[in-house]
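The structure appears right after this line, and notes come after that.
To find a chain, count down the sequence lines: A is the first, B the second, and so on, and within it residues start at 1. The analysis underlying the following values was restricted to heavy atoms, covering all of them including side chains, and did not include hydrogens, waters or symmetry mates.
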Number of protein chains: 2
Amino acid sequence: MALELRRPERTFTIRQLCTEFKATPRALRFYEDKGLLTPARDGMNRVYSYKDRARLILILRGKRVGLSLQEIREILELYDEGDEAAHQNAHSLKKFREKIVVLERQREDIDGAIQELNQACERLEKHLSEKRPDLLPKAADYDQMLRARLDGHADLALAK
Amino acid sequence: MALELRRPERTFTIRQLCTEFKATPRALRFYEDKGLLTPARDGMNRVYSYKDRARLILILRGKRVGLSLQEIREILELYDEGDEAAHQNAHSLKKFREKIVVLERQREDIDGAIQELNQACERLEKHLSEKRPDLLPKAADYDQMLRARLDGHADLALAK
DNA sequence: CGTCCCGCTTACGTCAACGTCAAGGCATAA
DNA sequence: TTATGCCTTGACGTTGACGTAAGCGGGACG
């Protein structure tokens, strides 16, 4: 099935991409409005290519790390216009470097936040095990959590 | 000076905190509106304690990692009600664990985004060095960047 | 044949996180 | 005294990223 998806001539409907990546048709059309996607058309209907799908993956990940659609568009544009407008590109270069700095700090922040949440969890578990051990999560719940985590990564696995 | 800041009885005006953390008074009042901060008052004026300042640090970092003010409030609430409502805390525990999973994925996303931005930068630099080497950043600019980065971390150094 | 279900477009609504006035209080400086 | 400056509380405006509803066209199903 992963092989199916990888076949370059393969195309997708809007709904297929939406269900695959848990987006909405409205969102994809919005991205198109903003120039981040330009799917082909079959009559009126949008037809997304394998490349469009790859762009969508980049868009969604960009969003998750806090990039604006505007910034994401700049990155995407860089990918398909190998050339032209060297002046603008100098500007892009500066902005990208700045963004990298921001993201690196963001990663530090996330590490810190994870640490603190872990500490908070430990405190909570200790508190609960003393006062209300009945409310502590059971082995079954933990199992459930692991499965959820894997589900969350399913699209990433398909994406590479 | 760091010792000054650490003295627990030390208080802060709204503007002091704003300049220290590059926020605006409007933002701090907004956080108060939403229940994330509850500074004391001297007449009409807000008086922020050392603890308020610590909360603000958590708020700002929470924002940087993409938490909503709502979520940040939940975390903060957990910090000062060490007790009571064990049932609710069991719920908090679950939410925190989920949030940790989200953050871990987010860190992966950030690593990927940094990689891509770096690649994009390399391509841009190569492109520029061939066509418009005059537009390439100079050593002075790099110096400037490093200074900016250090400034950005000054508050963190004071904060810990 | 009607009626779902998709899909399309256009247009207005919404929500978070503030920004931006407006109108005024209190204090210090000229 | 007036002026300057920081603080206050509303109240309304803004921006980004969509949601939602209205209205139409086209296959598929019963």
Side-chain angles (χ1 to χ4, degrees), chain A residues 11-49 52-53 55-77 95 99 102-103 106 109 113, chain B residues 11-49 52-53 55-77 99 102 106 109 113:
Chain A
T11 64
F12 307 84
T13 72
I14 194 170
R15 192 147 300 273
Q16 283 170 341
L17 290 186
C18 285
T19 61
E20 181 177 1
F21 298 112
K22 287 162 194 163
T24 67
R26 178 69 179 91
L28 297 209
R29 295 188 197 112
F30 186 74
Y31 301 153
E32 186 174 344
D33 245 45
K34 299 293 167 179
L36 283 81
L37 285 175
T38 44
R41 297 290 182 128
D42 172 17
M44 287 266 85
N45 295 9
R46 291 165 173 82
V47 178
Y48 294 87
S49 70
D52 290 324
R53 179 171 168 279
R55 289 170 74 91
L56 179 56
I57 291 174
L58 285 181
I59 293 172
L60 296 178
R61 194 177 66 186
K63 285 199 43 179
R64 286 196 301 267
V65 306
L67 301 183
S68 72
L69 295 186
Q70 170 71 292
E71 294 173 310
I72 296 172
R73 198 185 63 188
E74 289 178 33
I75 297 177
L76 289 178
E77 277 170 2
K95 287 193 57 181
K99 208 68 206 176
V102 170
L103 286 177
Q106 205 171 328
D109 285 337
Chain B
T11 65
F12 307 84
T13 72
I14 194 170
R15 191 145 302 271
Q16 284 170 341
L17 290 186
C18 285
T19 62
E20 180 177 3
F21 299 112
K22 286 161 195 163
T24 67
R26 179 69 179 92
L28 297 210
R29 296 188 197 111
F30 186 74
Y31 301 152
E32 187 175 342
D33 246 43
K34 299 293 168 179
L36 282 82
L37 284 175
T38 45
R41 297 293 181 124
D42 171 19
M44 287 267 85
N45 295 9
R46 290 167 174 81
V47 178
Y48 294 87
S49 70
D52 290 325
R53 179 171 168 277
R55 288 170 78 92
L56 179 55
I57 292 173
L58 285 181
I59 293 171
L60 296 178
R61 195 176 69 186
K63 285 198 44 177
R64 286 195 302 268
V65 307
L67 301 183
S68 72
L69 295 186
Q70 172 69 291
E71 293 173 310
I72 296 173
R73 198 185 62 187
E74 289 177 31
I75 296 177
L76 288 178
E77 279 169 1
K99 206 68 207 175
V102 170
Q106 206 172 327
D109 285 336

Legend entry - Side-chain touch B:Leu17/B:Leu28, heavy atoms, less than 4.5 angstrom: yes

Legend entry - B:Gln106 side-chain N/O to B:Val65 backbone N/O, donor-acceptor pair under 3.5 Å: yes

Legend entry - A:Arg55 and A:Leu36, any side-chain heavy atoms less than 4.5 Å apart: no

Inset, instruction - Starting at atom CG of B:Asp33, determine the distance to atom P of C:dG19, rounded to an integer number of angstrom. - result: 14 Å

Inset, instruction - Measure the distance from CG on B:Leu17 to P on D:dC6 and round it to the nearest whole Å. - result: 16 Å

Legend entry - Distance below 4.0 Å between B:Thr24 side-chain N/O and C:dG19 OP1 or OP2: yes

Legend entry - A:Arg29 side chain, from C-beta outward: closest of D:dC18, C:dA17, C:dT9: C:dT9

Inset, instruction - Would you please confirm or rule out a distance under 4.0 Å between OP1 or OP2 of C:dG7 and any side-chain N or O of A:Arg46? - result: no

Legend entry - Selected nucleotide, minimal atom distance to B:Ile14 side chain, candidates D:dT8, C:dC8, C:dC18: D:dT8

Legend entry - For atom NZ of A:Lys34 and atom P of D:dG16, their distance in whole Å: 8 Å

Inset, instruction - Rounded to the nearest angstrom, tell me the gap between atom CZ in B:Arg73 and atom C1' in C:dA17. - result: 15 Å

Legend entry - Candidate nucleotides C:dG7, C:dC8, D:dT9, ranked by approach to the side chain of B:Arg41 - the nearest: D:dT9

Legend entry - B:Arg73 side chain vs B:Gly35 backbone, donor-acceptor pair below 3.5 Å: no

Inset, instruction - Kindly point out which of D:dC6, C:dA17, D:dA17 is positioned nearest to the side chain of A:Phe30? - result: D:dA17

Legend entry - Candidates D:dA17, C:dG19, C:dG7 - which lies nearest the side chain of A:Asn45: C:dG7

Inset, instruction - Taking only the side-chain nitrogens and oxygens of A:Tyr31, find out if one of them lies under 4.0 Å from OP1 or OP2 of D:dC18. - result: yes

Inset, instruction - Among the candidates C:dC18, D:dT8, D:dC18, find the nucleotide nearest to the side-chain atoms of B:Lys63. - result: C:dC18

Legend entry - Side-chain donor/acceptor of A:Asp33 to backbone N/O of A:Phe30, under 3.5 Å: no

Legend entry - d(CE, A:Met44; C1', C:dT9) in whole Å: 8 Å

Legend entry - Distance, rounded to the nearest Å, where A:Asp42 contributes CG and D:dG25 contributes P: 18 Å

Inset, instruction - Take the protein atom NZ of B:Lys22 and the nucleotide atom P of C:dC18, then report the distance between them rounded to whole Å. - result: 16 Å

Inset, instruction - Name the closest nucleotide to the B:Arg26 side chain, picking from D:dC12, D:dT8, C:dC6. - result: D:dC12

Inset, instruction - Could you check how far CG of A:Leu28 sits from P of D:dC18, rounded to whole Å? - result: 10 Å

